[in-house]
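Notes to accompany the following structure.
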Amino acid sequence: MTSAYIHIPFCDQICFYCDFPKVLKEDQPIEEYLTTLRWEMEQYQVKEPCETLYIGGGTPSSLNEQELEQLLASVREMLPFSGGEFTFEVNPGDLNEAKLHLLEEYGVNRLSMGVQTFNETLLKKIGRKHNRQDVHDTLHAIEKYSTITNVSLDLIYALPKQTIEDFQATLKEAVELGLPHFSLYALILENQTVFANLARRGKLLLPTQEEEVAMEEWAQEYLEARGWHRYELSNYGKEGYESQHNLMYWDNKHYYGFGAGGSGYLGNERYRNHAPIQHYLAACQKGELPIVEKEVISRSAAMEEQIFLGLRKTKGVSKKEFAARFHQPIEEVYGPVISDLLAKGLLQEQDDFLSLTPQGRLFGNDVFVEFLLDK
Ligand code: SF4
């Protein structure tokens, strides 16, 4: 079994915090992009069924109906699908009945919606176009489609001038929607974003580190008391609604990545495609795969990744899976490090799993450094 990520880089807006590969949709060669994307998928001749499919962006929901059908048909014709999880990213306000009908027809069963906050003043300040009503209207429209069984909301906290009370109001409103999954991300100032520029000029007032931690801790307590469990550092789900595609990343498994800026992990290589659309199209037009960078993952790098990614999960790293993948028990590679971190109370061991303690989560980077093999 394998998985696939498909990137649609077009957006109707450019959010002030975003460093994903994306471009304003207006005047872009969308039809050419979708045709090229199909060609790229075809080159890989994927035979193994994909357990999870994920169409992300950018904003895939910004495609019109004709474009959406072209995309979904290509994905389903080029990539064998096991019938597992098929996620499509949406922005509030983008989905009409015709688009929802297409998503259902082509087997999409999970939607991930970028809401970020319910505070309309903040939405404008972070460069989003939608409003609260768009979120409610979109969710109302989705209700009729019984095959879409999982809907997740993305929220961002520690936004400029955001107070703890404001974040609490957003999360409470989200919880009232009764959805099975939330992703909560602390704002990160990424290079070459509007926010990073404002911050450099001293024009961005962010909550303090203490306030950010208080928001995170409050959210965990609030959600866990109501049945959503924190199964990964930024993700909360009801039992059985955890994102299978994202778990695949944290389990350090192999996957295909398609589209401008897409990346994949096949065999012992990670690869990344050209992000600028024109570079992506030009490579494919020459009959070449649009890969800009490949990295051979050595055995020791793969072991490190298995730990770093696995420790993001609340459940942690499976010792059995580590041994099965590397034909070597984890203790043989990391015995003294594990004993030391257990003794310091940063790591805990339960049955087959090694995971971070609450203290370990706070000092995550210090823990990860200990697992580097070529220090
Ligand atoms: S956050 Fe999403 S919608 Fe906003 S610019 Fe980035 S990819 Fe586009």
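Remember, predicted model here, so these are calculated numbers, not experimental data. Numbering of ligands and ligand atoms starts at 1, following listing order.
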### Summary
With heavy atoms and a 4.0 Å threshold, my read on which part of R128 contacts ligand 1 is side chain
### Which segment of D12 sits under 4.0 Å of ligand 1 when only heavy atoms are counted
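For D12, no heavy atom sits under 4.0 Å from ligand 1.
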### Task
Test salt bridge (Lys or Arg N to Asp or Glu O under 4.0 Å) on E51 and K253 and set out the steps.
CA-CA 11 Å; E51 216 169 342; K253 292 189 177 160; 5.3 Å; no
Tell me which protein heavy atom sits closest to [atom], plus the residue, atom name and distance to 0.1 Å.
atom	value
atom 7 (S) of ligand 1	G58 N, 3.3 Å
atom 4 (Fe) of ligand 1	C15 SG, 2.3 Å
atom 6 (Fe) of ligand 1	C18 SG, 2.3 Å

### Query
In this structure, which one of K313, K315, R325 forms a salt bridge (Lys or Arg N to Asp or Glu O under 4.0 Å) with D251?
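Of K313, K315, R325, salt bridge (Lys or Arg N to Asp or Glu O under 4.0 Å) with D251 is met by K313 alone.
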### Message
Only heavy atoms of T59, strictly under 4.0 Å: list the atoms of ligand 1 that pass.
### Response
3 (S), 8 (Fe)
### Task
Number the atoms of ligand 1 from 1 as they appear, then name those within less than 4.0 Å of a heavy atom of N91, with their elements.
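That gives atoms 3 (S) of ligand 1.
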### Task
Kindly indicate whether a cation-pi arrangement holds for R226 with Y222, taking the cut-offs as under 6.0 Å to the six-membered ring centre and within 45° of the axis.
yes
#### Entry: atom 8 (Fe) of ligand 1 to nearest N/O/S of C11 below 2.8 Å
yes
#### Entry: Salt-bridge criterion met for R270 and E295 (N-O under 4.0 Å)
no
### Task
Kindly say whether P92 contributes a backbone atom to a donor-acceptor pair with the side chain of T138 at under 3.5 angstrom?
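Judged by distance alone, no pair lies under 3.5 Å.
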### Query
Where is the tightest heavy-atom contact between A219 and L184, given as atom of each residue plus distance?
CB-CD1, 3.6 Å
